[in-house]
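Lettering of chains follows the sequences in order, A, B, ..., and the numbering in each one begins at 1. Values in this document were obtained by computation on a predicted structure and should not be read as measured data.
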Amino acid sequence: MALPHPRVRRAWVRGALLAGILGLALTGCGPHYVLLHPAGPVAQGELHLMVLATIAMAVVIAFVLALLAYVLWHFRDRPGRTAPYRPDWTHSRRLEVLWFVIPAVILTVIAVPMVGQTYALAKLPPKSDPLVVDVTSLDWKWLFQYPQQGVATVNYLVIPTGRPVLFELTANSPMNTFWIPELGGMEYTMSGRVLPLWLEASRPGVYWGHSGQFSGVDFEQMFFTVRAVGPSQFQSWVATVRRTAPAMTEADFRQLLNPGTVGTLTYASYPANTFPAVTHGFTLNGGMYMVMGNQPKDNASQPMGSGAASPSRTSREAMHTMPGMSGR
Amino acid sequence: MPAFVPYLLHTLFPPTVLRPTEIGADVLIVATGVIIVTVLTRQKKWGWLWREWLTTVDHKRIAVMYLIAAIAMLFRGGVDALMMRTNLALPSVHFISAEEYNEVFTTHGTIMIFFMAMPLIFALFNAVIPLMIGARDVAFPRLNAVSFWLFAFGALLFNISFVVGGSPNAGWTAYPPLTELAFNPGPGENYYFLALFISGIGTTITGINFLVTILRMRAPGMTLMRMPLFAWTTLCTSALILFAFPPLTVALGTSLLDRLFHASFYTLGHGGMPMMYVNLFWLFGHPEVYIVVLPAFGIFSEVVPTFSRKPLFGYTAMVVSVVAIMVLSYGTWVHHFFTMGAGPSVNVFFGLSTMLIAIPTGVKIFNWIFTMWGGRIRLTVPMLYQLAFIPTFVVGGATGVLLATVPVDYQLHNTYFLVAHFHNTLIGGTVFGLLSGLYYWWPKMFGYKLDERQGKWAFWLFFLGFWVTFGPQYLLGLEGMTRRLWTYPLGLGWHALNLISTIGAYGMGAGFVVLVYNVVWSMQHGERDLTGDPWDGRTLEWSLPSPAPEYNFARIPVVTERDAWWAMKARGETTAVRVRPDEISALELPRNSAMPFFLGLGFFVLGFGLTFRWWWIAGLGLAGILGAMLWAGFDYEDRKHVHAEEIRRIEAALGRLEA
């Protein structure tokens with residue numbers, strides 16, 4: 001045999017297994033496992049499905065491993081083995097049907113809730129009043145615009161708890177994905193497209209977000225932070241920003257488009273036409289996917305809505321309108 | 001100094017190819033080259049190299065050349081992997097720069113898929129398939145050599161990128177707009193697109209060649225349902241290649257038009273649609289996954305019966321499941337980008353189709369296990385890889401089902417969970433399969449066995465190293481670590497698992513070193529295979545001497561059932577391998593040709609010229625290609641006549657001629 005005496009090897013294996021399980025038990029529940037510590041309903045739902053699928057798959061893995069171990073133990077060619085040698089047993093319709101049906105059943109257990117959940121995630125919760133954030137990925141920074149509030153930030157987000165946030169995602173750079181693991185799954189940001197993604201924070205906290213799609217040399221700078229605060233704190237944050245932060249000028253915007261990295265930035269307002277209005281065709285609004293139309297944004301929640309800051313979005317990219325896309 | 005010299009130097013040797021690691025690699029390459037040239041000159045082997053190898057059309061020799069190239073590429077891709085793992089071992093390590101890291105993960109993925117897995121698969125196809133189905137060669141021997149040289153020069157073009165001009169750096173998938181000229185001005189991506197384009201032509205030809213070989217050249221009596229399962233998986237792989245490579249060719253070609261001629265298929269502005277590239281790429285990319293894993297399934301379907309001394313369990317179900325996988329694999333590609341907003345209905349469809357493909361795969365796993373049930377299992381190295389494959393691949397498949405669960409994928413897409421998943425299937429499936437096949441068919445290819453003891457050391461290092469590397473990466477995915485990060489800060493808690501993973505990667509590296517030692521040692525001291533049947537095999541290739549003579553079969557066998565050679569042995573036809581002198585007749589064999597080599601060279605020159613937009617060099621290459629094709633068109637003497645006496649003499653020397 002290859003390695004030391006079998007008994008020594010078995011001891012090694014047992015030790016390694018034990019260490020592995022212990023290590024898992026010690027670290028598996030740590031707060032670093034962001035996917036296992038959801039802070040909002042979207043991530044929570046995705047985690048539920050992950051747990052269900054993991055259990056179903058663990059059953060399969062355990063069964064196969066046990067079967068393999070049994071076969072190896074009994075049918076190894078070694079002195080003193082008692083299991084019969086049956087070279088003619090090469091076919092069993094009953095068994096073959098069985099291992100066609102059992103995986104199918106297990107997969108159905110996963111597939112049914114998967115279908116439901118996929119459709120559910122494509123809709124905002126009914127009767128919700130989402131905060132809208134327009135997200136643009138740039139080389140290598142995130143621009144967040146709050147069209148209802150008229151403010152903008154770079155590389156950090158502040159969102160209210162207990163209220164769905166509708167992110168409208170686009171890019172003015174190579175692709176990235178917009179991902180806040182504790183709040184829910186990711187979605188691509190692509191130039192010429194606006195893709196919707198809704199997330200919600202159930203409890204206050206500071207979460208980190210990142211891009212999952214490699215976008216060039218400073219890709220690792222695509223981290224951002226998300227501060228979830230109570231609704232009133234959110235309003236006061238908006239008010240403070242409007243009072244204290246500078247306005248984003250056209251020149252500031254063009255500066256952001258240049259490749260490079262910046263820290264966090266805050267703007268009390270931003271120029272119009274800096275977010276595309278021509279979209280892929282979908283947005284999340286009023287509870288389900290709808291073709292983006294002329295629905296007024298939620299201006300009621302804008303106590304201090306100043307005319308200058310409210311962006312009317314005529315398209316910067318209107319010239320690229322394609323069949324199947326609908327203009328605003 | 002003429003004015004063009006600084007320009008030339010700057011274009012060919014920009015700062016990105018003058019980093020210490022690159023210089024070090026260059027020195028190694030030059031040193032190795034010098035040694036090879038010296039040895040060949042000293043031993044006066046140039047003529048031998050040219051006549052016996054570079055111009056050969058013999059499938060067995062082409063197999064060996066594929067194998068050598070694949071092992072070299074495995075080394076290169078492995079070094080890339082170790083550089084990545086070293087940089088990720090601890091937080092904020094700057095062992096290599098971000099630029100270099102981006103190049104290294106790009107070349108790692110590209111090389112491992114296109115220039116390691118594919119040629120290793122073709123090595124085994126070439127080495128085994130004609131012998132297994134009782135044929136004297138493949139259907140188109142000269143095209144077979146063309147395939148090899150297109151692959152070899154494509155691989156060469158890809159690999160010189162880090163010596164001259166700079167490597168590609170946008171990932172093995174090369175998504176636009178990152179590959180657009182505006183974001184990626186260097187020649188690196190040109191290298192990528194052109195090298196894949198050139199080797200892709202070769203791959204397509206190989207697919208056609210083996211499709212025809214298997215459909216048209218089987219021994220009398222070998223019906224489709226009597227074929228060994230490896231022949232079945234080769235047939236299905238070839239069919240997959242034939243229909244999967246065209247979308248890739250389109251994706252590569254249009255990207256090249258974007259970069260070389262300022263077209264706007266996928267550009268950020270001017271109405272480009274990057275997502276169209278993503279669709280085309282994965283329309284190829286998902287079948288490609290099965291192109292590399294089906295041959296492994298075929299290998300295991302030969303290895304398990306041999307080392308269990310039992311026919312394959314559920315042969316019909318195995319064939320049906322291979323064909324089912326082949327068909328279904330065309331309908332799952334969107335699962336690579338559930339997060340691109342295609343809408344819930346599209347995502348659900350592709351999620352379900354992906355889960356569906358798990359069922360035939362599961363059927364195969366159970367059939368292998370039940371082939372062992374009631375058998376006499378011998379734990380040889382090929383069998384160890386198979387036994388390691390089952391748990392590894394089952395975990396890879398199970399995590400694949402997790403990723404096919406659309407909402408779960410929203411969280412896990414492009415994380416280290418995904419990285420771990422596809423390494424579980426590509427290493428656990430493809431690499432374990434190919435290593436199993438190599439150890440299994442090595443005596444047939446070279447006439448000696450690889451040492452079992454060393455092989456087991458390599459196996460355990462590689463297998464345990466694999467799990468230490470990729471087990472932690474699942475957890476890293478749950479910690480939110482996304483792929484292609486060149487470094488990471490301390491505060492995220494990713495460091496412990498990353499360190500473990502890096503240690504595992506070095507374990508796998510050690511396994512590779514032992515593997516190479518095993519090969520080199522066995523060349524000298526390995527057990528010679530004098531019978532041609534060292535494993536007590538079941539299929540026709542084991543009825544031949546090792547290595548088989550140029551014409552393979554002096555007399556084409558007649559097949560009456562599955563596992564033809566096993567059946568002959570069971571019937572006591574001990575003389576089955578012996579041939580009566582009057583059964584031998586003269587043969588027409590394919591004649592060696594230098595055309596494939598020069599055709600490949602022409603493509604290389606064309607690719608090099610296009611990479612740097614030096615049109616006159618490209619024109620030269622194009623002229624070379626056309627010249628080689630004309631040459632082939634007017635070369636009527638593509639066969640050589642071998643007299644019966646000559647064959648009798650060879651068979652007598654092999655001890656196979658009845659007196």
First locate atom [atom1] of [X], then atom [atom2] of [Y], and finally report the distance between them rounded to the nearest 0.5 Å.
X        : Y        : atom1 : atom2 : result
B/Leu412 : A/Leu35  : CG    : CG    : 6.0 Å
A/His91  : B/Leu312 : NE2   : CG    : 12.0 Å
B/Ser308 : A/Arg76  : OG    : CZ    : 12.5 Å
B/Arg562 : A/Thr90  : CZ    : OG1   : 8.0 Å
B/Met273 : A/Arg193 : CE    : CZ    : 4.5 Å
A/Ser211 : B/Asn414 : OG    : CG    : 8.0 Å

So which heavy atom on [X] is nearest to which on [Y], and how close?
X        : Y        : result
A/Met175 : B/Met275 : CE-N, 4.4 Å
A/Ser191 : B/Pro177 : OG-CG, 4.5 Å
A/Trp208 : B/Glu479 : CZ2-O, 3.7 Å
A/Ile61  : B/Ala398 : CD1-CB, 3.7 Å

Could you go step by step and tell me if A/Trp99 and B/Asn367 meet the side-chain contact (heavy atoms from CB on, under 4.5 Å) rule? CA-CA 9 Å; A/Trp99 56 64; B/Asn367 275 334; 3.1 Å; yes
Side chains of residues 340-359 of chain B: which donor-acceptor pairs under 3.5 Å do they make with residues two or more places apart or in other chains?
| residue | atom | partner | partner atom | Å |
| --- | --- | --- | --- | --- |
| B/Ser345 | OG | A/Tyr119 | OH | 2.7 |
| B/Asn347 | ND2 | B/Phe338 | O | 3.1 |
| B/Asn347 | ND2 | B/Tyr410 | OH | 3.2 |
| B/Ser353 | OG | B/Gly331 | O | 2.7 |
| B/Ser353 | OG | B/Phe350 | O | 3.0 |
| B/Thr354 | OG1 | B/His335 | ND1 | 2.7 |
| B/Thr354 | OG1 | B/Phe350 | O | 2.5 |

So do the side chains of [X] and [Y] get within less than 4.5 Å of each other, counting heavy atoms only?
X        : Y        : value
A/Glu96  : B/Phe370 : no
A/Val64  : B/Ile365 : yes
A/Leu68  : B/Pro391 : yes
B/Thr399 : A/Met57  : no
B/Gln411 : A/Trp179 : yes
B/Leu379 : A/Asp77  : no
A/Val34  : B/Leu492 : no
B/Arg376 : A/Arg81  : yes

Need one label for [X]: side chain, backbone, both or neither, based on atoms under 4.5 Å from any heavy atom in chain B.
X        : result
A/Phe63  : side chain
A/Ser173 : backbone
A/Asp139 : side chain
A/Ala83  : neither

Contacting moiety of [X], where chain A heavy atoms sit under 4.5 Å:
X        : value
B/Phe366 : both
B/Thr487 : both
B/Val468 : neither
B/Trp368 : neither
B/Pro176 : backbone
B/Ile390 : side chain

So which of [options] has the largest heavy-atom pair count under 4.5 angstrom toward chain B?
options                      : result
A/Ile102, A/Thr177, A/Leu107 : A/Leu107
A/Arg86, A/Met114, A/Glu182  : A/Met114
A/Gln213, A/Gln117, A/His48  : A/Gln213
A/Ala56, A/Gly184, A/Gly216  : A/Gly184

Measure centre to centre between the rings of [X] and [Y], then say whether the value is under 6.0 Å.
X        : Y        : answer
B/Trp486 : A/Phe219 : no
A/Phe214 : B/Phe105 : yes
A/Tyr188 : B/His413 : yes

Can you tell which of B/Asn169, B/Val363, B/Asn184, B/Val394 has the highest number of heavy-atom pairs within less than 4.5 Å of chain A? B/Val363
Test ring pair (Phe, Tyr, Trp, His ring centres under 6.0 Å), reference B/Trp373, set A/Tyr70, A/Tyr85, A/Trp73, output is A/Tyr70
Spell out, as yes or no, whether a donor-acceptor pair under 3.5 Å connects the side chain of B/Lys310 to the backbone of A/Trp89. yes
side-chain contact (heavy atoms from CB on, under 4.5 Å) assessment of A/Ser215 paired with B/Phe183: CA-CA 10 Å; A/Ser215 56; B/Phe183 297 102; over 6 Å; no
Listed pairs under 3.5 Å, donor-acceptor, residues 400-409 of chain B side chains, sequence neighbours left out:
| residue | atom | partner | partner atom | Å |
| --- | --- | --- | --- | --- |
| B/Thr405 | OG1 | B/Val401 | O | 2.8 |
| B/Thr405 | OG1 | B/Leu402 | O | 3.4 |

